[in-house]
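Have a look at the structure below before the remarks.
Naming convention: chains lettered A, B, ... in sequence-line order (proteins, then strands); numbering from 1 in each chain.
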Protein chains: 2
Amino acid sequence: MEKGRNFTTDFHCHTDYKTLLHKFKLILKQSGLKFTKQRELIVAELFDADKHLTSEELYQILKSNYPEIKIGIATVYRTLSLLESESFVTTLLSEKDAKKYELSLKEHHDHIICQGCGKIVEFVSQEIEELQNSIANSLGFKVQNHSMQIFGICEDCQKI
Amino acid sequence: MEKGRNFTTDFHCHTDYKTLLHKFKLILKQSGLKFTKQRELIVAELFDADKHLTSEELYQILKSNYPEIKIGIATVYRTLSLLESESFVTTLLSEKDAKKYELSLKEHHDHIICQGCGKIVEFVSQEIEELQNSIANSLGFKVQNHSMQIFGICEDCQKI
DNA sequence: CTTATTGCAAACGTTTTGCACGTTT
DNA sequence: AAACGTGCAAAACGTTTGCAATAAG
């Protein structure tokens, strides 16, 4: 953690593509599901993506990167739902647009979103995490998950 | 704040209906907008509601409580958008359903949502608020707003 | 009398579904 | 061969919009 900061924006990606694919195949096998070309490419593109993707964005990327294979948007939706239910991807709800997905490769983190340009910065604060857990416990809840977004204007957009 | 807790679930509602309505009329007048029966009833029902409402729920309540007046769902959507842009209501995005609205009568607060029964408990932690602001500032963001939801299983649902 | 607001229905963007065909196991 | 997955098109869902009629200021 950087000096003087009570949070970090520095995440470690624990997983390489080979390990990820193996984990994915394992999940499929355990549920009696099949490993298809379409599912493979969806995971591959999520791995390569450097940002959160909507189903539509992912679909367009797949069509343009792999013109030789057939893919329908329904398959993208179905696969993302599957991945979400397996906690293989993390979902970000947005005010205006569609759901956005990213692989759950990184450590858990929260998001700060610029309302000007849509830029997303990820961060995690151990202090906040602990407070959230302590609050939920006091209220008798067993925590499954949480999401926190800060909405604001980033440095660049403030200059405009 | 209760002893031994680093948060509170005890909010004060600063505003009675008369004051609320006056504030609403003022907003309308300042924007050159008109005070209509439909807008009045929407605000009245939001005031009476003891939970977050979707546009559809609010529409159904209005039709059943006031069968004598005409109301269309488009008006409910338009009015909620107006109220949202004036920060008169607070919006809660949900994973599955539509947007949910509540009047911004209470102090700012966050939500913990039971995935079993949908129950929503509101809370606020001054410590978390301060940490959020300090993180955003360090990242160069000017904070406009933030939302935090914890998802879990409430005490009752854990027994089932 | 002017302007904003309404209800309606049609349009919209996102997501889901039914189905016949294809692929994986 | 059996079971699951696929693309396609249609449907579903929440939400927005164009419009002619209506109500507020």
Side-chain angles (χ1 to χ4, degrees), chain A residues 21 24-45 52-64 66-86 88-89 91-101 118, chain B residues 21 24-43 45 52-64 66-86 88-89 91-101:
Chain A
L21 202 61
F24 181 43
K25 287 182 178 176
L26 216 64
I27 288 174
L28 292 173
K29 181 162 287 179
Q30 283 167 353
S31 313
L33 303 176
K34 288 166 181 174
F35 181 69
T36 64
K37 197 70 196 162
Q38 286 85 346
R39 286 179 175 163
E40 178 178 2
L41 294 180
I42 287 168
V43 169
E45 281 309 317
H52 300 71
L53 295 177
T54 63
S55 302
E56 182 64 31
E57 286 167 342
L58 186 47
Y59 172 59
Q60 294 301 337
I61 290 171
L62 290 166
K63 277 205 306 187
S64 100
Y66 309 95
E68 72 280 8
I69 70 132
K70 281 209 147 232
I71 182 117
I73 189 127
T75 297
V76 178
Y77 276 101
R78 283 185 283 229
T79 303
L80 286 171
S81 294
L82 167 64
L83 293 173
E84 187 179 28
S85 72
E86 299 290 344
F88 211 82
V89 296
T91 305
L92 202 53
L93 297 172
S94 93
E95 287 278 328
K96 294 270 151 200
D97 311 314
K99 283 187 182 181
K100 297 185 171 196
Y101 299 88
Chain B
L21 201 62
F24 182 44
K25 286 182 178 176
L26 216 65
I27 287 174
L28 291 174
K29 181 162 285 179
Q30 283 169 352
S31 313
L33 304 175
K34 289 169 181 174
F35 180 70
T36 64
K37 197 71 195 165
Q38 286 83 348
R39 285 178 175 164
E40 179 178 359
L41 294 180
I42 286 168
V43 169
E45 283 307 318
H52 300 71
L53 296 177
T54 63
S55 302
E56 182 65 32
E57 286 168 341
L58 186 47
Y59 173 60
Q60 294 300 338
I61 290 171
L62 290 166
K63 278 205 305 186
S64 101
Y66 310 95
E68 72 280 11
I69 70 131
K70 281 208 144 228
I71 183 116
I73 189 128
T75 298
V76 177
Y77 276 101
R78 284 186 282 230
T79 303
L80 285 171
S81 293
L82 167 65
L83 293 172
E84 187 177 29
S85 72
E86 297 290 345
F88 211 83
V89 295
T91 304
L92 201 54
L93 297 173
S94 90
E95 287 278 327
K96 293 270 149 201
D97 311 314
K99 282 188 183 180
K100 297 186 169 195
Y101 299 90

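E45(B) is linked by a side-chain contact (heavy atoms from CB on, under 4.5 Å) to D48(B), L58(B), I61(B), L62(B), N65(B), Y66(B), counting only residues two or more places apart in sequence or in another chain. For Y77(B), the side-chain contact (heavy atoms from CB on, under 4.5 Å) partners at least two apart in sequence or on another chain are S55(B), I73(B). Checked against side-chain hydrogen bond (donor to acceptor under 3.5 Å, both in side chains), Q60(B) has the following partners two or more places apart in sequence or in another chain: E56(B). With sequence neighbours left out, the ring pair (Phe, Tyr, Trp, His ring centres under 6.0 Å) criterion links Y59(B) to no other residue. Every residue meeting the salt bridge (Lys or Arg N to Asp or Glu O under 4.0 Å) condition with E84(A), not counting sequence neighbours, appears here in chain and number order: K99(A).
Listed in residue order, the members of residues 52-64 of chain A having a heavy atom less than 4.0 Å from DNA chain D come to none. For residues 67-74 of chain B, proximity to DNA chain C is found at K70(B), I71(B), G72(B), A74(B), defined as any non-hydrogen atom under 4.0 angstrom from a strand atom. Using a 4.0 Å cutoff on non-hydrogen atoms, the parts of residues 29-41 of chain A near DNA chain C are K34(A), F35(A), ordered by number.
Side-chain contact between F88(A) and L82(A): absent, with no pair of heavy atoms (C-beta onward) separated by less than 4.5 Å. With contacts defined as side-chain heavy-atom distances shorter than 4.5 Å, the pair L53(B)/Y101(B) does not qualify.
Remark: C1' of dG18(D) and OH of Y77(B) are 18 Å apart, rounded to the nearest angstrom. Remark: C1' of dT17(D) and CG of L80(B) are 17 Å apart, rounded to the nearest angstrom. A straight line from CZ of R78(A) to P of dT6(D) spans 7 Å, rounded to a whole angstrom.
With axes fitted over five pairs at each extremity, the angle between the ends of the helix from dC1(C)-dG25(D) to dT25(C)-dA1(D) is 30° (10° resolution).
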Using atom types as modelled, flag every donor-acceptor pair under 3.5 Å from a side chain in residues 32-43 of chain B to any protein atom, sequence neighbours excluded.
{"residue": "T36(B)", "atom": "OG1", "partner": "R39(B)", "partner atom": "N", "Å": "3.2"}
{"residue": "Q38(B)", "atom": "NE2", "partner": "K70(B)", "partner atom": "O", "Å": "3.2"}
{"residue": "R39(B)", "atom": "NH1", "partner": "K34(B)", "partner atom": "O", "Å": "2.8"}

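A pairwise comparison of heavy atoms in K100(A) and H52(A) identifies CB-CB, 3.8 Å as the closest pair.
Note that CG of L92(B) is 10.0 Å distant from CG of L93(A), once rounded to the nearest 0.5 Å.
Bounding nucleotides for the chain A contact on DNA chain C, 5' to 3', at a heavy-atom distance below 4.0 Å, are dT14(C) to dT25(C).
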